[in-house]
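Keep in mind that what you see is a predicted model, and the values were worked out from it rather than measured.
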Amino acid sequence: MLPWLRSTAIYCAFASLASIVILLPVTFRQGDRAQRFLPWAITITLGVIATIEWLHASRSSYFLPPGINVRLIKAATWLTLAALAFFYTALLHTLNRRPYGWRSRIGLTLLALLSVYVMAERRDAFKPYTRPTPLPSVVELQRRPTLLVVGLDGASLDAVLPLARRGRLPFLSRLLEEGVYARPESLAPVNRSPLWTTLATGKLPFRHGVVADRTFGAGWIAPGAVLQILPTPLSAVALSTFGPSRPTDSTVRLSLALWEILERLDIPTGQVGWPATAPVSPAGSFAFSEHYFEGDFRPATAQPRELAERGVLFQIDPEEVDRALVAELEGQIPYSLLQALAGDLWRQSLARFLIEQRREVRAVFLVLPGLAEVSSKYFGGFSAVEFNGETGRPQQNAAHLISFYYTFLDHFLADLWERQSGPKMLAVVSTYGFEAPQGLRKSWARTTGHQLRGQHQRSPDGLFLAMGNGLRAGAFLEGAHLVDIMPTLLYALRLPISRDLDGRVLTGAFETAFLARNPLTFVPSYETIVTQPGIPVRVLPLSE
C-alpha cells in the first residue's frame, strides 16, 4: 500500500501543477468562472484517463496477464461512464446557466472519489493465477541434426517473394522450393526484445516476463522497483525525468529460451546477437549478447572470456566496408547502409569463426539487425516500385538498396549452409516485417517527405523459412503465429513438446513419413527438466 500511496502522491502533485499552469490564467480572481471550469476539467481528465485505460488494455493485450486486462477494461468502462455523467451535468448547467446545487455537488464529488477508488482497486483486486509446479520431466536424448536459426530483423515475404522470382535471391529461392515458409503473425506493439524473446521461448510476453525494450528505475515508488510496461509513449518521457532508463536484460526473463533447453539436454549451443540475453548464459559453448555488439564488452555480455576478447578483432568501421561488396550500388552510398552492413558483417564473421572453433556445437542462434535499419528508411520506396509500379528516381534507388541488402544476406545464408556437414536444418526467421505507410500515415509521410520509409507500427507479419531433413518441399504454412516457431523447432529436433508453451507445432511443415516415425510427445515443462545422475538419459545414434 505504501508504494501505491507514494506514487499516487507524486502523480497527483505533477497533475495538480499541470492543471494550475493551464487553468490559472483564465480563472485567476474569477471565483465563479473557476467553479464552472472545474466540472469540465474533471470531465476532460476522466475522458483522457479512460482513453488511456482502453488503449492500455488493447495495445498490451499480449504483454499483460489476462486478469490485469480484465481489470483495465472494467476501470475504463467505469471511467467512461463517469466522464459521460460529468459531461451531461456540466453541459446542462452551462447551457441553462444554473448554479450547481448541493445534490449536483455531492453527486459529482462521489463520482470523482469512486473513480479514484476504481483506479486503485483495479490492481489490488487482481489475483494472478498460480500455475501448479510441473512434474519433473525426463527426456531421452538422441543425436540431433545441427540446427541453424538465423534471425533477419525486419525481413518480410513481401520482399523475398518478388526478389526471388526475379532471380536475385538464389539461396532463398531454394529455401522456398525445397523447404517450408510462412508469415507468422506478429504481436503489437512491435518491441524487439519482447518479440525475439517470444520467438525463443514459445511463450507470450506476459508469460516470459520481457515486456519492453527498456526498463525504468522506480526507486521513488519503492526501493529497487523497476517499471517495464508503460501505458503510453509519453510515460517513458515522463519517467526519464526521474532517472535514466536501461535496456531490458535477461534477468527479467521468467522462461527458458530454446538454447537453454538444449543446453540442459547436453546439446551444445551457441548464440550471437540475440536481444535481451545479457547477462549471457554460461552453460553454452559460446554466447554473445546484443549489448556486446553495441560496445559493451563486460564479462556479462559475452562468454567464454578468451573468445570474447578475440571477438572485438572482427569489428569493422562503416568506412572499412569492402568496396567490392557495394560495387553494384552506383553513386553515393548512404552512410546508414554502411553502418548496417558493418554491424551485420561483424556478427557474420564472428559467427563463422565461433562455429569453426567450436565444432561440437549442434545449435546456433544468430540475429542480424541490419535489414531492419535499411527497411525503416527505404521499404516505402521498394513497395512503391514493386506493388504500385512507380518509376520515380528516389523510389527506384530505394528499391535497389533493399534488393541489394537482401542479396547480401542471401549470400551469407548460402555460405553458412554449405559450411555445415551431416544432418542439418536451417530456419530463417523474423519477428515482424515492414510495410509502406498506409492511410493517414501515408499522407503524413508525403507531407514530411518520408514516403520512402518503411513502417512497422501495425506489426506486419514476420517470416519463417525452414529447410532440412523431414521438412516438406514448397509448402506454405497457413495460420502460423510467432509462438509456434519454437515448438516447431523442438519437434524438428525430435524432442518432446512442453505443455506450458503458448504455441503449437506446425505439423504441416513435415513430411508424412517424418510424422509417422516421430509421433508428438509431451512433457509437463522443460523448466523442471531432470538431468541429475541416476536419471535414464541415453544418447542414441542418429537414424539416417
Quiz item: Does Thr301 reach the main-chain N or O of Arg298 with its side chain, forming a donor-acceptor pair under 3.5 Å?
Solution: yes
Practice problem: Could I get the full list of salt bridge (charged side-chain N to carboxylate O under 4.0 Å, His left out) partners for Arg214, not counting sequence neighbours? | Solution: none
Practice problem: Sequence neighbours left out, what passes ring pair (Phe, Tyr, Trp, His ring centres under 6.0 Å) with Trp40? Give chain and number order. | Solution: Phe87
Self-check item: Donor-acceptor pair between Asp500 and Ser525 side chains, under 3.5 angstrom
Solution: yes
Quiz prompt | Ring geometry between Phe365 and Trp274 (parallel below 30°, tilted from 30 to 60°, perpendicular above 60°) | solution = perpendicular
Quiz item: Should the pair Glu373-Arg453 be classified as a salt bridge under the 4.0 Å nitrogen-to-oxygen rule?
Solution: no
Practice problem: Could you tell me which residues satisfy side chain to side chain donor-acceptor pair (under 3.5 Å) with Tyr405, sequence neighbours excluded, listed by chain and number? | Solution: Asp344
Practice problem: Answer yes if the side chains of Asp213 and Ser193 hold a donor-acceptor pair under 3.5 Å, and no otherwise. | Solution: yes
Quiz item: Any side chain to side chain donor-acceptor pair (under 3.5 Å) pairs touching residues 74-84, not counting sequence neighbours?
Solution: Trp54-Thr80, Trp78-Ser115
Self-check item: Partner set under side-chain contact (heavy atoms from CB on, under 4.5 Å) for Pro487, not counting sequence neighbours
Solution: Ile497, Leu501, Val505
Quiz item: Going by the angle between their ring planes, with limits at 30° and 60°, are Phe293 and Phe288 parallel, tilted or perpendicular?
Solution: tilted
Quiz item: How long is the span from the CG atom in Leu72 to the CD1 atom in Ile52, to the nearest 0.5 Å?
Solution: 11.5 Å
Self-check item: For His481, all residues meeting side-chain contact (heavy atoms from CB on, under 4.5 Å), sequence neighbours excluded
Solution: Glu185, Val483, Asp484
Quiz item: What distance do Asp249 atom CG and Glu290 atom CD have between them, rounded to the nearest 0.5 Å?
Solution: 12.5 Å
Quiz prompt | Heavy-atom pair with the smallest gap, counting every atom of Val210 and Val252 | solution = CG2-CG2, 3.9 Å
Exercise. Look at the aromatic rings of Phe434 and Phe379 and report parallel, tilted or perpendicular, splitting at 30° and 60°.
Key: tilted
Quiz item: Do you know which two heavy atoms are closest between Gln455 and Pro460, and how far apart they sit?
Solution: O-CG, 4.1 Å
Quiz item: Are Phe63 and Phe206 an aromatic pair by the rule of ring centers under 6.0 Å?
Solution: no
Quiz item: Quick one: are Glu260 and Arg253 in side-chain contact, heavy atoms under 4.5 Å?
Solution: yes
